[in-house]
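Heads up: the structure comes next, in structure tokens.
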Number of protein chains: 4
Amino acid sequence: MRARTFTESGRRAQIVRAAIAVIAEAGYAKASFSRIAKQAGLSSTGMISYHFAGKDDLLKACVTEIEEITGAFMQPRIDAAVGHVAQLRAFVEANVELVGEHATELRALIDLVKNAGSRSDAVDGRLALFEEHFRTGQAAGVFGAFDARITALALTTGLDAVVATAAANVPEPAELTRIGRELADLYVRATAPESTGGPE
Amino acid sequence: MRARTFTESGRRAQIVRAAIAVIAEAGYAKASFSRIAKQAGLSSTGMISYHFAGKDDLLKACVTEIEEITGAFMQPRIDAAVGHVAQLRAFVEANVELVGEHATELRALIDLVKNAGSRSDAVDGRLALFEEHFRTGQAAGVFGAFDARITALALTTGLDAVVATAAANVPEPAELTRIGRELADLYVRATAPESTGGPE
Amino acid sequence: MRARTFTESGRRAQIVRAAIAVIAEAGYAKASFSRIAKQAGLSSTGMISYHFAGKDDLLKACVTEIEEITGAFMQPRIDAAVGHVAQLRAFVEANVELVGEHATELRALIDLVKNAGSRSDAVDGRLALFEEHFRTGQAAGVFGAFDARITALALTTGLDAVVATAAANVPEPAELTRIGRELADLYVRATAPESTGGPE
Amino acid sequence: MRARTFTESGRRAQIVRAAIAVIAEAGYAKASFSRIAKQAGLSSTGMISYHFAGKDDLLKACVTEIEEITGAFMQPRIDAAVGHVAQLRAFVEANVELVGEHATELRALIDLVKNAGSRSDAVDGRLALFEEHFRTGQAAGVFGAFDARITALALTTGLDAVVATAAANVPEPAELTRIGRELADLYVRATAPESTGGPE
DNA sequence: TATGAATGAGACTTCATTCAT
DNA sequence: CATGAATGAAGTCTCATTCAT
């Protein structure tokens, strides 16, 4: 059985899932109404226009759907972590771990966000979240004195790339766990306070 | 007169430059032969098909052209640096600095790579370069024991995002320099050996 | 509550009134079942198809509805006039006066008749009425020796144009009265006997 | 050989003529790119989009084309007339006479103007021309004291209706001449000064 | 080389109508 | 009666590509 979030139901949800599948497999550029209709088992593209105001509307619904799925997976794990560093690590590891369960959705989401143009509240939100997280952590003394915005940008996009690569060719669960730990280590190192062990 | 690399000449080069301009300004999705022809001052798209085997061929030529331009700027700066860490820093700083001189080309390149699908020799090459650089640096003891491939992937894409953001809204030269230094610092921290930092 | 003629009732009448409103506001070409359903507060176009055999059927019902409304207004005024000339004048003045009370319906009617194609019993009827009126008036010596058909055609359509113009931007009642009088004067002049003004 | 005005040439003109034919025969509403392409012997509607910026552009070109044709016929006849009354008569008669040579174009033009929405410079121009003609004629004492605007509106649209009717079922040339004379008589009567018929 | 014309496919959207519930 | 879904056709428009000149 497919996962289904509470915001969608019936044909509308079916179309959204078909769109996600097409975007994940064929890419954003090839995700035409024709392909999506075929994937959804619909006889015409008119049905999509019937359920959605336009292509943007459908794509937004896809993003919303995926974010609900990913949020349901990641949020508890992030909330379970205590402290700024642990939460950073939890976010990274949860995101990579997610590849094991929702590779298709993640591939679609990343492609959607890449080609979002302007309408990317989601990415902007995450970026702002990271930036704010860094700032409060810096105030608490658990992060170094780096530029919060630049760092947030570099680390979130780097995370996306690792996730995308993993999603394109899903590895074993153990390897996935290792990748998440590696990346989290990297980010923890990158954001650690200067203090003692600073070489060079 | 615009810089002209040795691989392109005459109309072909003119079309490539027009394509780069269109991609940078209107985005990959809107970069049709029509727009490119108009930008190039051509009265028909036929000339583009005459000079290029197809759209892919033209886009590849764009990537090649941009890489030569960026390479000419970055390579000397990288070569001037001595040691693995310094070269990593030089690469990052040069890439950010490049925004000041070739924002258009960088915007186009990033859009091109985003929508590359599979055929991204350039990105794969840079990724392999970073990975190899990390491995030899690790052997030399100047980098930590991280996973070279994952780290290369995260850091190169993070760098791209920072460059793209800067290119989309080019800041003052001084600010550009600061951003490069910040990012380089971040990456050096992220890749540094754990405890007794061994210099080189 | 809106006026309701005896031929229509319930949902059917509601749809007809919605259609009239849409045609008047958005124009014949934009009067799709979707728009009409929305205007009628219906959630689906299915109800329209249920109540009407097809689009033509609905449009005919609109014409009928409007004609009853306009007839109820104009007929008493025409009947009150005595003599061919006075009746001509009464028709013209009543029609223009009608703009003050049923501009929406008149705008819709004119648009409907314009795009009638062939099935315009209403217009044909009025044309025949005028023609016959002119003929009997000529026999009575109160009209000149003009061609009744050509004159009827030119005057009825000219009247429509004046009404349409007034309905599109409804003027003050006094101005409306003046326009009606002006136009009636014009038509009386145009149809008067040549030399010795024939009384009646 | 078909008439061809100097503003159009080649395929563009061919498409315009096809569009005019389709509008005249099938009506404005049915004049889709598909029908026009078929009429023009084109294999696809893309060709129309290639030559015209959009449907509006094509329709405007049709109007322009027809106006050149009609203008070439009518203008000399109007210019040959001396005096306001004679020119009014010349305009009416020339317009009706035109049915004998360009019925198709006239039917198309009338349908185009009817569905013009806003972009009807042509009709507005003619209306203004009539209105101004009436005003100057009134100042010269050859027209009565009627409202120039209302009269212009009623007479021009009445003329259109007579022309459209004739064009839909073209009568013999002699009958055409008679219709023109009848209508001109009507209009001259309608606009004549009240009492002492002052000629010119 | 260069042009302009032509093609055929495919894009998104809207429409009137039908039908099961 | 009423709804919402579904259909299939047709609409305008853009695209990459080809070809004769």
Side-chain angles (χ1 to χ4, degrees), chain A residues 9-12 14-15 29-38 40-59, chain B residues 10-12 14-15 29-37 40-59, chain C residues 10-12 14-15 29-37 40-59, chain D residues 9-12 14-15 29-38 40-59:
Chain A
S9 68
R11 273 290 176 285
R12 220 182 119 93
Q14 180 190 355
I15 293 170
K30 300 286 186 59
S32 68
F33 276 17
S34 288
R35 271 184 195 245
I36 294 167
K38 191 175 297 176
L42 299 173
S43 68
S44 81
T45 67
M47 214 44 227
I48 301 178
S49 290
Y50 174 78
H51 282 288
F52 297 88
K55 196 163 193 183
D56 271 21
D57 191 31
L58 170 57
L59 297 182
Chain B
R11 271 291 176 289
R12 222 181 118 92
Q14 178 191 358
I15 294 169
K30 301 284 186 61
S32 69
F33 277 17
S34 286
R35 274 184 193 244
I36 294 167
L42 298 173
S43 62
S44 146
T45 65
M47 272 320 291
I48 302 179
S49 290
Y50 176 81
H51 281 290
F52 297 88
K55 197 164 193 184
D56 272 19
D57 191 30
L58 169 57
L59 297 182
Chain C
R11 270 292 176 289
R12 220 180 120 92
Q14 179 190 358
I15 293 169
K30 300 284 186 61
S32 68
F33 277 18
S34 287
R35 274 185 192 243
I36 293 167
L42 298 173
S43 62
S44 146
T45 65
M47 272 322 290
I48 302 178
S49 290
Y50 177 80
H51 281 288
F52 297 88
K55 196 164 193 185
D56 272 18
D57 190 31
L58 169 57
L59 297 182
Chain D
S9 66
R11 273 292 175 284
R12 221 182 118 92
Q14 180 190 354
I15 293 170
K30 300 286 185 60
S32 68
F33 276 17
S34 290
R35 271 183 195 245
I36 295 168
K38 191 176 297 177
L42 298 174
S43 68
S44 81
T45 67
M47 212 46 225
I48 301 178
S49 290
Y50 175 78
H51 282 288
F52 297 88
K55 196 163 191 183
D56 271 19
D57 192 31
L58 170 56
L59 296 182

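Naming: A, B, ... by sequence-line order, numbering from 1 per chain. Both backbone and side-chain heavy atoms feed into the values below; hydrogens, waters and symmetry mates do not.
Checking Ala53(B) against Ala53(D), the closest nucleotide of DNA chain F that is more toward the 5' end is the one next to Ala53(D). Annotation: of the two residues near DNA chain E, Gly54(A) and His51(B), the 5′-most nearest-nucleotide partner is His51(B). In this structure, Ser49(D) and Ser32(D) both approach DNA chain F, and ranking their closest nucleotides by distance from the 5' end singles out Ser32(D). Nucleotides of DNA chain E nearest to Ala31(C) and Lys55(A) differ in position, and the one nearer the 5' end is that of Lys55(A).
Across all strands, Phe33(B) comes closer than 4.0 Å to base atoms (heavy-atom distances).
Atom-to-atom distance recorded for Lys55(B):NZ and Ser32(B):OG is 6.5 Å, nearest 0.5 angstrom.
Between Lys38(D) atom NZ and dT12(F) atom C1' there is a gap of 16 Å when expressed in whole angstrom units. The interatomic distance linking Tyr50(D) (OH) with dA16(F) (C1') rounds to 14 Å, in whole Å. Atom pair Leu59(D):CG and dT12(F):C1' shows a separation of 12 Å (rounding to whole Å applied). Separating the CD1 atom of Ile36(D) from the P atom of dC13(F) is a distance of 11 Å, rounded to the nearest angstrom.
Minimum heavy-atom separation, Ile48(A) to Phe33(A): CD1-O, 3.5 Å. In this structure, His51(D) and Arg11(D) approach most closely via the heavy-atom pair NE2-CB, 3.6 Å. Taking all atoms of both residues into account, the shortest heavy-atom contact from Ala37(D) to Ser44(D) is CB-O, 3.9 Å. Minimum heavy-atom separation, Arg12(C) to Asp57(C): NH1-OD2, 4.2 Å. Residues Ile15(A) and Ile36(A) come closest through the heavy atom pair O-CG2, 4.0 Å.
The stretch residues 40-48 of chain D touches DNA chain F through Thr45(D), Gly46(D), each having a heavy atom within less than 4.0 Å of the strand.
The span of DNA chain E lying next to chain D, judged by atoms under 4.0 Å from heavy atoms, is bounded 5' to 3' by dG4(E) to dG8(E).
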Open item on the list: What does the 5'-to-3' dot-bracket notation of DNA chain E look like when only Watson-Crick and G-U wobble pairs under 3.5 Å count, and pairs to other strands show as |?
Closed with: .||||||||||||||||||||
